[in-house]
Amino acid sequence: LPPLPSKAPIGRVDPTSFSRYAGATRFADLPISKKTKDALRQSKYTDMTDIQRACLPHALCGRDILGAAKTGSGKTLAFVIPLLEKLYKERWNPEDGVGSIIISPTRELASQTFDVLRAVGKHHNFSAGLLIGGRKDVEAEKERVNELNILVCTPGRLLQHMDETPNFECSQLQVLVLDEADRILDVGFKKALNAIISQLPKRRQTFLFSATQTKSVQDLARLSLKDPEYLSVHEKA
Ligand code: ADP
Ligand code: MG
């Protein structure tokens, strides 16, 4: 992969392919379900942030994304919305099993993402679970994990289920999210991530978000993304 340009214009939009939505500035203008729009409005989200404006038209078209933007720029909705829409378009049902996996570096970040997913996905009929280490009873979790459609997890706990949970199945996975990828790698999860990715179906959509573009993030991008759109949003000087 070429290095991520540090000042890529917002959106880097190809006007021939999806010009209708490339210039959208509000969630209400996007081609997304009423269920998602209603929840966004009820959560008081109206205008998109720069990274959301850059990512959502591409992500909603089914592309892989390598996204860079600093903490606090609104990256969560840039992947939560397209993953909900993808499962909705596929008419995913609770009995269809794991359709999406979001991997976060820490329990705290995973639970924050889970809260956003719950708020924005509240009118959808998907089951979601937070799979993180710690006090939670992993044995009880093993009984339920195959009934979940969306998993928000830390790499260690996900790999534990892949290794130990009988019948753990993600062969139908539609969307993989690697959130805060630089931090996932910083905390030493490189091997776990590689093991996880090697067990996932290749035909899927993948979003990789990272505040910084290190060599190891580039390696991970090369391993996990297919012909990605590079979207980098930095503060104006
Ligand atoms: P990041 O993952 O880039 O650090 P978050 O997704 O956690 O950023 O969002 C940071 C904060 O901005 C959160 O409090 C979130 O609720 C808020 N936020 C995100 N998108 C919007 C938006 N479009 N309008 C208003 N607030 C937003
Ligand atoms: Mg984040």
Side-chain angles (χ1 to χ4, degrees), residues 4 6 8 10-11 21-60 64-85 100-123 128 130-132 150-155 158 175-187 189 193 206-214 217 220-221 224-225 228-236:
L4 190 65
S6 62
I10 289 172
Y21 305 106
T25 61
R26 300 178 317 153
F27 293 110
D29 301 328
L30 291 174
I32 56 179
S33 63
K34 183 170 185 306
K35 289 175 192 290
T36 301
K37 277 189 189 174
D38 286 350
L40 285 166
R41 200 183 54 248
Q42 286 155 358
S43 299
K44 306 276 186 275
Y45 296 120
T46 51
D47 295 299
M48 289 185 268
T49 66
D50 287 349
I51 190 71
Q52 292 159 5
R53 274 174 47 210
C55 289
L56 284 168
H58 293 285
L60 291 167
D64 281 8
I65 285 180
L66 174 51
K70 70 175 179 70
T71 302
S73 54
K75 295 187 288 294
T76 316
L77 288 179
F79 60 79
V80 163
I81 294 170
L83 89 77
L84 287 170
E85 292 303 298
S100 184
I101 296 177
I102 301 170
I103 302 180
S104 289
T106 64
R107 296 173 201 175
E108 292 71 29
L109 286 165
S111 19
Q112 284 170 24
T113 299
F114 189 70
D115 292 343
V116 175
L117 176 69
R118 278 224 294 222
V120 178
K122 69 178 180 180
H123 299 304
L130 182 61
L131 308 184
I132 54 181
I150 304 170
L151 310 180
V152 184
C153 40
T154 49
L158 176 60
V175 182
L176 172 68
V177 180
L178 303 168
D179 188 27
E180 310 251 7
D182 46 354
R183 291 188 58 190
I184 300 181
L185 295 164
D186 281 349
V187 285
F189 279 129
L193 268 189
T206 305
F207 305 133
L208 192 164
F209 285 95
S210 186
T212 60
Q213 298 298 312
T214 59
V217 170
L220 178 63
S224 60
L225 301 172
E229 199 67 39
Y230 306 94
L231 300 165
S232 160
V233 171
H234 293 285
E235 292 210 309
K236 292 178 195 88

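Throughout, numbering of the chain's residues begins at 1 and tracks the sequence. Counting convention: from 1, in listed order, for ligands and their atoms alike.
Closest heavy-atom approach to atom 3 (O) of ligand 1 among the candidates M48, Q52, Q112, K75: K75. The option from T71, T76, T46 that lies nearest to atom 5 (P) of ligand 1, judged by heavy atoms, is T76.
Of the candidates L225, L66, L178, L220 forms a side-chain contact (heavy atoms from CB on, under 4.5 Å) with just one, namely L178.
Considering only residues two or more places apart in sequence or on other chains, T206 meets the side chain to side chain donor-acceptor pair (under 3.5 Å) condition with R204.
Side chain of S210 to backbone of Q213: no donor-acceptor contact under 3.5 angstrom is found.
Ion pair D50/R53 flagged as a salt bridge, since at least one NZ, NE, NH1 or NH2 atom sits closer than 4.0 Å to an Asp/Glu carboxylate oxygen.
Heavy atoms of S73 approach ligand 1 to within less than 4.0 angstrom. Within the structure, ligand 1 lacks F209 among the residues with a heavy atom less than 4.0 angstrom away.
In this structure, F209 and F79 have tilted ring planes: the angle between them lies in the 30° to 60° band.
At least one N or O atom of G74, backbone or side chain, sits closer than 3.5 Å to an N or O atom of ligand 1.
Between the side chains of S104 and E180, no donor-acceptor pair is found at a separation under 3.5 Å.
Here the straight-line distance linking atom OG1 of T36 with atom CG of L84 works out to 5.0 Å at 0.5 Å rounding.
Shown here for T106 and T154, the closest heavy-atom pair between the two residues is C-CG2, 3.6 Å.
From the protein, the heavy atom lying nearest to atom 1 (P) of ligand 1 is G72 N, 3.4 Å. Of the protein's non-hydrogen atoms, the one nearest atom 24 (N) of ligand 1 is D47 O, 3.6 Å. Looking only at heavy atoms of the protein, atom 27 (C) of ligand 1 is closest to Y45 CE2, 3.5 Å.
In the vicinity of F27, heavy-atom distances shorter than 4.0 Å reach the ligand 1 atoms 23 (N). In summary, the atoms of ligand 1 found under 4.0 Å from a heavy atom of K70, numbered by their order in the structure, are 3 (O).
Note that atom 14 (O) of ligand 1 has no protein non-hydrogen atoms nearby, at separations under 4.0 angstrom.
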